[in-house]
Amino acid sequence: MARTPLMAGNWKMNLDHLEANQLVQKLAWTLKDMKHDYGQVEVVVLPPFTDLRTVQTVVDADKLEIGYGAQDLSAQDSGAYTGEISASMLKALGATYVAIGHSERREYHNESDELVNAKTKKAIAAGITPIVCVGEGLDIRKAGDQVSYTLAQVEGALKDIAAENVANLVIAYEPVWAIGTGEVATPADAQEVCGAIREKIAELYDQETADSTRILYGGSVKSDNVAEIMAEKDVDGALVGGASLKADEFAKIARYNG
Ligand SMILES: O=C(CO)COP(=O)(O)O
């Protein structure tokens, strides 16, 4: 079954709401100039929470086909959880995606597979597509254990989630050693783990489910390396950090297929 490629820009803690407004408009103009076909490659931005209302306003006002979402959400529904943002709050802002378990959250906020699993369930319950992030650090890569390590994260994240929901979610393989370092995984590195993730989903569920789930690669993706990574059969898109902060560069990434 055909999987629509997805290019998602994770802005991390960059750009305030005024800058967000400019970037989203410039991205839309640039893609329009390039005659981008959104049916062929889906384009999504994941700004900081404080930008979401602004992004919603510009996307709605100009009827942009750019999707947007958040970089995290709470595992709780509501109540005394200072600083947290719930799935229903994101839904009310029209968010259609949310990144969950990004390696920076796992590292700096001690997010466990159990928490990632709980957050993934909250996103699904709210009708928001989770982008579940997994991937190994340098020590694990050096030991050659990247596949088993990453598959354990996938299994943890998907615990007790039904096949129909897994078919619709997105998994992003982001080897930590390739994030923000300029050191991009080779296409073969990306395919090795993305292919193994798809096999794992087939084993946990069935082949049809595995064939539907979109699997992204992330880690130093740029316009000059995206095409070769996208040529791999189990890579369905990219989760882009630094290069998504420049409209021209991110538009070129979205137009990797010419
Ligand atoms: O973490 C990433 C996206 O979520 C990747 O970041 P960079 O593209 O800046 O390496």
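Each ligand, and each atom within it, is numbered from 1 in the order the structure gives. In this chain, numbering begins with 1 at the start of the sequence shown. It should be emphasised that the depicted structure is a prediction, and the values quoted were computed from it without experimental measurement.
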Trainee: Show the numbers, then the answer: is there a side-chain contact (heavy atoms from CB on, under 4.5 Å) between Lys252 and Val226?
Mentor: CA-CA 9 Å; Lys252 275 194 219 161; Val226 64; over 6 Å; no
Trainee: Please name all residues satisfying salt bridge (Lys or Arg N to Asp or Glu O under 4.0 Å) with Glu203, sequence neighbours left out, ordered by chain then number.
Mentor: Lys200
Trainee: Polar-atom distance check: Asn10 versus ligand 1, any N or O pair below 3.5 Å?
Mentor: yes
Trainee: State the atoms of ligand 1, each with its element, that fall below the 4.0 Å cut-off from a heavy-atom position in Gly180.
Mentor: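 In order of numbering, the contacting atoms are 7 (P), 9 (O), 10 (O).
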Trainee: Does ligand 1 come near enough to Gly242 that some N or O of the ligand is less than 3.5 Å from an N or O of the residue?
Mentor: yes
Trainee: Does Gly241, backbone or side chain, put an N or O under 3.5 Å from an N or O of ligand 1?
Mentor: yes
Trainee: Scan residues 80-138 for pairs that pass ring-ring contact (aromatic ring centres under 6.0 Å, His included), counting only residues two or more places apart or in two chains.
Mentor: none
Trainee: Purely on distance, is any nitrogen or oxygen of His102 under 3.5 Å from one on ligand 1?
Mentor: yes
Trainee: If only side-chain N and O atoms count, and only distance matters, is there a donor-acceptor pair under 3.5 Å linking Asp234 with Gln191?
Mentor: yes
Trainee: Under 4.0 Å from a heavy atom of Ser220: which atoms of ligand 1 are those, numbered in the order shown and with their elements?
Mentor: 7 (P), 8 (O), 10 (O)
Trainee: Does at least one non-hydrogen atom of Lys222 fall below 4.0 angstrom from an atom of ligand 1?
Mentor: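 For ligand 1, residue contact (heavy atoms, under 4.0 Å) with Lys222 is absent.
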Trainee: Tell me, please: is Gly219 in heavy-atom contact with ligand 1, that is, under 4.0 Å?
Mentor: yes
Trainee: Of all the atoms in ligand 1, which lie at a distance below 4.0 Å from a heavy atom belonging to Glu174?
Mentor: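 Those atoms are 1 (O), 2 (C), 3 (C), 4 (O), 5 (C).
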Trainee: Taking side chain to side chain donor-acceptor pair (under 3.5 Å) as the criterion, tell me which of Lys121, Glu114, Lys119 meets it with Asn117.
Mentor: Lys121
Trainee: May I ask you to list the atoms of ligand 1 that are less than 4.0 angstrom from any heavy atom of Ala178?
Mentor: 10 (O)
Trainee: Whether Arg106 and Glu111 form a salt bridge (side-chain N of Lys/Arg under 4.0 Å from carboxylate O of Asp/Glu) is what I want to check.
Mentor: no
Trainee: Can you tell me if Asp189 uses its side chain to pair, donor with acceptor, with the backbone of Thr186 under 3.5 Å?
Mentor: yes
